[in-house]
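The basis for the numbers below is simple: all heavy atoms, side chains too, and nothing from hydrogens, waters or symmetry mates. One-based numbering, in listed order, for ligands and for the atoms of each.
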Amino acid sequence: MMDSPFKGTLWIILVFLTLPHLSCNMLCPSSCQCYFKGPVKCVGDTITDIPKQLPVHTYLLQLNDTNMNVINEQSLANMDLLLRFSLTHSHLHSIHPSAFHVAPQLKSVKLSSNDLSTLPARVFSPLITLEQLHLDGNQLKTIAPDMFDGLVRLLDLDLSWNKLSSPSSNVFDGLTQLKFLNLGRNSIKKLPPTIFHTLTNLRKLMIYNNELEVLEAGIFDGLVNLVELKIHQNQITSLPPQVFWSLRNLTILNLSSNRLQAIPEKSFYNMPKLSKLTIYNNPLLSLPDQLMGHMPDMTDFYLYATNLTTVPGNLFANMSGLRSLNLHFNDKLRDLPSDLFCCIPKLEKLSLKSNDLHYLHPQLFSGLTTLGMLLLNDNKLQGLPENIFQGIRGVFSVDLNNNHLKTALKVLTLSGNPWDCTCSIRGIAKWIRHNEHVVLDRQDVMCQSPVHQQLRTIDSLRDEEFNFCDAVIVKSRYLSTHEPTKPFHTITTSRQTSVVASVTTPAYNNINPHSRSYPTSRRPNNHSNYKTIYLTYHHPTNNSPNSHHHPA
Ligand SMILES: *[C@@H]1O[C@H](CO)[C@@H](O)[C@H](O)[C@H]1NC(C)=O
Ligand SMILES: *[C@@H]1O[C@H](CO)[C@@H](O)[C@H](O)[C@H]1NC(C)=O
Ligand SMILES: *[C@@H]1O[C@H](CO)[C@@H](O)[C@H](O)[C@H]1NC(C)=O
Ligand SMILES: *[C@@H]1O[C@H](CO)[C@@H](O)[C@H](O)[C@H]1NC(C)=O
Ligand SMILES: *[C@@H]1O[C@H](CO)[C@@H](O)[C@H](O)[C@H]1NC(C)=O
Ligand SMILES: *[C@@H]1O[C@H](CO)[C@@H](O)[C@H](O)[C@H]1NC(C)=O
């Protein structure tokens with residue numbers, strides 16, 4: 001007797017539990033995928049309006065690549081739980097002026113990659129809880145000043161890839177919560193000086209790939225929370241003084257590919273958190289003596305493809321944490337002040353390649369004790385001062401390809417090393433033969449092993465003797481720091497056009513050929529005092545354009 005009502009209840013519970021799942025499967029329109037907890041994704045050109053009979057729990061609806069060209073007055077009706085709506089890649093060209101009145105609960109609307117060229121007045125204004133609005137990839141030429149009125153919760157506004165040319169000065173007024181604003185890839189020629197003034201919570205501002213010619217004074221004032229500012233690929237010819245001074249939280253600033261010939265002094269002061277600053281591809285003619293404020297977090301700095309002929313001696317003095325400095329491809333850069341690298345002791349990589357350097361000051365690198373890689377290739381260096389690498393400790397590689405190193409280059413002595421003349425010596429032997437003028441003591445550079453090669457000089461080893469060594473031998477450069485007393489030679493080849501030969505030698509000995517005595521703390525068996533110099537050159541093959549530095 002107690003049994004049957006209990007059974008009935010069980011049945012009801014079971015039916016109740018399975019119902020949502022059932023209805024979900026049953027009601028998911030064709031062309032759509034309905035996921036268990038509410039997302040629905042619909043794709044295909046059979047879709048011309050929002051599918052009816054979507055599962056009741058749909059909170060996210062993504063329509064992509066459809067034929068839905070219009071959002072009607074009732075398209076979004078009866079979807080009270082819908083929070084996120086996207087209609088993308090669908091040739092959408094019209095939105096009914098009241099389309100969003102029926103769905104004021106929406107938090108996200110993405111209408112990217114459509115054909116919208118106009119928007120009805122205040123069409124989004126009913127969406128008072130909207131946080132995300134993406135209108136990128138449309139044909140919008142103008143946006144009414146009151147278009148975003150009422151969107152007080154908006155966090156993320158993407159207007160990139162449109163045809164905007166001159167946004168009005170109050171179009172963003174009231175978006176006080178906005179964190180992300182993308183205006184990139186439009187045709188903006190002018191931005192009013194107060195356009196961003198209410199955006200005090202903005203974190204990222206993208207204005208890249210436009211046609212801006214000037215930045216108005218004060219345009220970034222008030223953006224105290226801005227972390228990233230990208231204004232690269234414009235036509236900006238000058239910066240107003242102090243234009244970035246409000247941006248004390250900025251960490252990334254991209255000014256590349258503009259038309260700056262000069263930068264006002266102290267432009268990058270008051271940006272203590274800056275860690276990435278890119279200014280390359282501007283026809284800069286000179287830089288002021290005071291430019292960079294204290295920026296200890298700057299680790300990578302790029303200054304290239306400019307018309308600079310020299311730079312101020314203290315340019316990097318405030319970047320004490322710099323690890324990688326790329327001052328290259330400045331084809332007019334001829335002089336470097338002797339103290340330029342004075343105050344960047346942590347520098348690990350320095351690229352000075354493809355400049356117009358004729359001469360280097362003997363003290364130029366003296367502060368760079370931890371330098372690991374130095375690129376000096378493609379300059380016009382005639383020689384190097386005798387002790388130029390003296391300060392550098394540890395593993396170190398230098399690329400001197402393609403210079404005018406014709407006169408005696410007193411860089412290297414290689415004798416006194418236990419050279420192992422097996423296959424791995426091949427590249428070094430070749431390098432020595434082609435660079436007789438560089439290796440001062442080549443008559444004393446002798447093989448210690450294998451036994452049958454003992455006391456042969458390395459430059460007497462003919463390349464044919466190594467024909468059996470066709471396999472390429474590559475060893476980790478770290479071996480040199482762990483086992484510095486063992487001979488260590490690395491040869492890498494790439495399509496026979498370049499060889500890197502590395503030489504592990506005691507730091508003192510190889511710098512000063514006349515010094516044969518070591519201070520006690522710097523005996524050659526003290527591992528920390530070994531340095532490896534990687535010498536890069538190109539094979540004199542017919543198709544190598546870089547072989548002209550070999551002695552005739
Ligand atoms: C939307 O459709 C476009 C065009 O067919 C396609 O390139 C894109 O990957 C699709 N995106 C998603 C999220 O499915
Ligand atoms: C900006 O800096 C201030 C202090 O300088 C700090 O209180 C605030 O949290 C920072 N904002 C961001 C987004 O880092
Ligand atoms: C800076 O702008 C250049 C284009 O001029 C671009 O190639 C580069 O990726 C940008 N860097 C960053 C960090 O955005
Ligand atoms: C380094 O930064 C400090 C503080 O920002 C500034 O006073 C000083 O002038 C800067 N030095 C140079 C060489 O610009
Ligand atoms: C910068 O150099 C390039 C070629 O190297 C030249 O065409 C251009 O006119 C120079 N710009 C300025 C402002 O000197
Ligand atoms: C190696 O030299 C460094 C100084 O360059 C010194 O601090 C260290 O004590 C030396 N180590 C040995 C084992 O001699």
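Checked by atom type, the side-chain pair Q132/R84 shows a donor-acceptor distance below 3.5 Å. Between the side chains of D158 and H134, no donor-acceptor pair of N or O atoms lies under 3.5 Å.
Listed by atom number, the atoms of ligand 3 under 4.0 Å from Y280 heavy atoms are 3 (C), 4 (C), 6 (C), 7 (O), 8 (C). With ligand atoms numbered from 1 in the order given, ligand 5 contributes 14 (O) to contacts under 4.0 Å with heavy atoms of L285. Counting atoms of ligand 3 from 1 in the listed order, those under 4.0 Å from a heavy atom of S257 are 5 (O). Close approach of ligand 5 to Q261 (heavy-atom distance below 4.0 Å) involves ligand atoms 13 (C). Of all atoms in ligand 3, listed by their number and element, those nearer than 4.0 Å to a heavy atom of K230 are 12 (C), 14 (O). Per-residue contacts place N254 under 4.0 angstrom from the following atoms of ligand 3 (heavy atoms of the residue considered): 1 (C), 2 (O), 3 (C), 8 (C), 10 (C), 11 (N), 12 (C), 14 (O).
The single protein non-hydrogen atom nearest to atom 12 (C) of ligand 1 is N64 ND2, 3.0 Å, given as residue, atom name and distance. When hydrogens are left out, the protein atom nearest atom 5 (O) of ligand 5 is K332 NZ, 2.6 Å; that is the closest non-hydrogen contact.
Although no hydrogens or angles enter the test, the distance criterion places no donor-acceptor pair under 3.5 Å between the side chain of S324 and the main chain of T299.
Contact check on K346 versus E348 returns no salt bridge, with no Lys/Arg side-chain nitrogen under 4.0 Å from an Asp/Glu carboxylate oxygen. Checked for salt-bridge contact, E216 and K190 meet the test: a charged N lies under 4.0 Å from a carboxylate O. Ion pair D356/K380 flagged as a salt bridge, since at least one NZ, NE, NH1 or NH2 atom sits closer than 4.0 Å to an Asp/Glu carboxylate oxygen.
Between D65 and ligand 1, a contact under 3.5 Å exists for at least one N or O pair. When only interatomic distances are considered, the shortest N/O to N/O separation between N307 and ligand 5 falls below 3.5 Å.
For atom 2 (O) of ligand 5, the nearest protein heavy atom is under 4.0 Å away. Remark: atom 9 (O) of ligand 3 lies closer than 4.0 Å to no protein heavy atom.
Neither the backbone nor the side chain of Y208 comes within contact range of ligand 3; no heavy atom lies under 4.0 Å.
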Next on the checklist: Does V40 form a side-chain contact (heavy atoms from CB on, under 4.5 Å) with L60? I'd like the steps, not just the answer.
Outcome noted: CA-CA 6 Å; V40 176; L60 179 149; over 6 Å; no

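Counted within 6.0 Å of CG on L285, heavy atoms from surrounding residues, nucleotides or ligands total more than 12; the atom is thus considered enclosed.
N326 places none of its side-chain heavy atoms less than 4.5 Å from the side chain of L303.
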